[in-house]
Amino acid sequence: VGAHAGEHDLAEAEYRALAANNPEDEQRTLDVVRFLNAVHGEDRAREELERLAAEATQSVDYDFAIVALDLRDGDEAGAVARLDGLIESRGETLEGDRARVERAKIHLRNEEFEAADALIDGVLARDPKNQNALLLRASRWLAADQPEQAITDLRNALDVAPDNVQVVLLLATAYERNGNGTLAQE
């Protein structure tokens with residue numbers, strides 16, 4: 001165990017050096033967190049994320065990583081509190097809208113459809129081409145058996161992200177439900 005601990009310490013130092021030498025590349029810093037999670041466990045990774053989130057003034061990626069951990073651990077209240085804080089602090093920005101979309105997903109899981117729809121509609125009012133909000137709203141249209149509206153949203157999402165497999169598959173489903181199997185196959 002001692003020999004491995006020394007190797008782990010060296011590997012961690014290397015990950016931290018890569019992150020320090022690339023301060024604009026948050027993925028390098030998240031690599032440190034992933035390493036800590038793999039070697040030392042989730043508590044150590046969470047501590048690192050909390051430290052990074054507290055230090056970050058511009059980025060919210062660390063906050064979203066904590067939200068993902070909270071949801072994975074079944075701490076929906078923690079995830080909701082962090083997302084609501086981001087919505088409040090980031091306002092009507094891309095980061096705020098990203099938090100709104102994630103919050104809407106939680107509302108949908110809890111079958112709180114009106115609250116989810118209000119968040120999605122607010123995002124789309126500011127950014128009619130927000131791919132994630134369009135995907136969520138299209139899913140809602142399909143669940144309500146309104147494929148024509150879903151097709152409209154999915155075509156808009158496809159304009160923004162033509163290579164997004166999720167959009168293409170959902171669009172095929174919408175065409176099929178709308179009675180156009182030929183387009184669904186394309």
Candidate pair R44 and E47, rule salt bridge (Lys or Arg N to Asp or Glu O under 4.0 Å), full reasoning: CA-CA 5 Å; R44 180 90 179 271; E47 286 173 16; 5.1 Å; no

Say you draw a straight line from [atom1] of [X] to [atom2] of [Y]; how long is it, rounded to the nearest 0.5 Å?
| X | Y | atom1 | atom2 | answer |
| --- | --- | --- | --- | --- |
| L136 | D153 | CG | CG | 10.5 Å |
| D31 | L36 | CG | CG | 11.0 Å |
| I66 | D75 | CD1 | CG | 11.5 Å |

Does any N or O in the side chain of [X] come within less than 3.5 Å of the main-chain N or O of [Y], such that one atom is a donor and the other an acceptor?
| X | Y | result |
| --- | --- | --- |
| N110 | I106 | yes |
| R126 | G122 | yes |
| R103 | L119 | no |
| R100 | G96 | yes |

Hey, does [Y] have a side-chain heavy atom less than 4.5 Å from the side chain of [X]?
| X | Y | value |
| --- | --- | --- |
| V33 | L52 | yes |
| D70 | R46 | yes |
| P128 | N156 | no |
| D63 | V67 | no |
| K129 | D127 | yes |
| N130 | L124 | yes |
| K105 | V101 | yes |
| R140 | L108 | yes |

Nearest heavy-atom pair of [X] and [Y]: which atoms, and what distance?
| X | Y | answer |
| --- | --- | --- |
| L30 | A65 | CD2-CB, 4.5 Å |
| A174 | P147 | O-CB, 3.5 Å |
| N37 | E42 | OD1-CA, 3.2 Å |
| I120 | A133 | CG2-O, 3.6 Å |
| A138 | A150 | O-CB, 3.6 Å |

From CA spacing to verdict: side chain to side chain contact (heavy atoms under 4.5 Å, CB included), T29, Y62: CA-CA 9 Å; T29 306; Y62 307 125; 3.5 Å; yes

Where at least one partner belongs to residues 20-50, residue pairs that pass ring pair (Phe, Tyr, Trp, His ring centres under 6.0 Å), sequence neighbours excluded: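 Ring pair (Phe, Tyr, Trp, His ring centres under 6.0 Å) check on residues 20-50 returns Y15-F35.
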
Criterion side chain to side chain contact (heavy atoms under 4.5 Å, CB included) on H107 and D117, from CA distance to verdict: CA-CA 9 Å; H107 280 306; D117 290 344; over 6 Å; no

Residues, nucleotides or ligands: over 12 heavy atoms within 6.0 Å of E55 CD: yes

CD (Q166) with more than 12 external heavy atoms under 6.0 Å: no

Hey, can you pull the donor-acceptor pairs under 3.5 Å for the side chains in residues 17-25, sequence neighbours left out?
from	atom 1	to	atom 2	distance (Å)
N21	ND2	A17	O	3.2
N22	ND2	L18	O	2.7
D25	OD1	Q27	N	3.1

Salt bridge (Lys or Arg N to Asp or Glu O under 4.0 Å) between E102 and R82, worked out: CA-CA 11 Å; E102 292 304 313; R82 188 166 294 270; over 6 Å; no

Residues R16, E12; criterion salt bridge (Lys or Arg N to Asp or Glu O under 4.0 Å); working and verdict: CA-CA 6 Å; R16 289 188 183 280; E12 181 179 341; 3.0 Å; yes

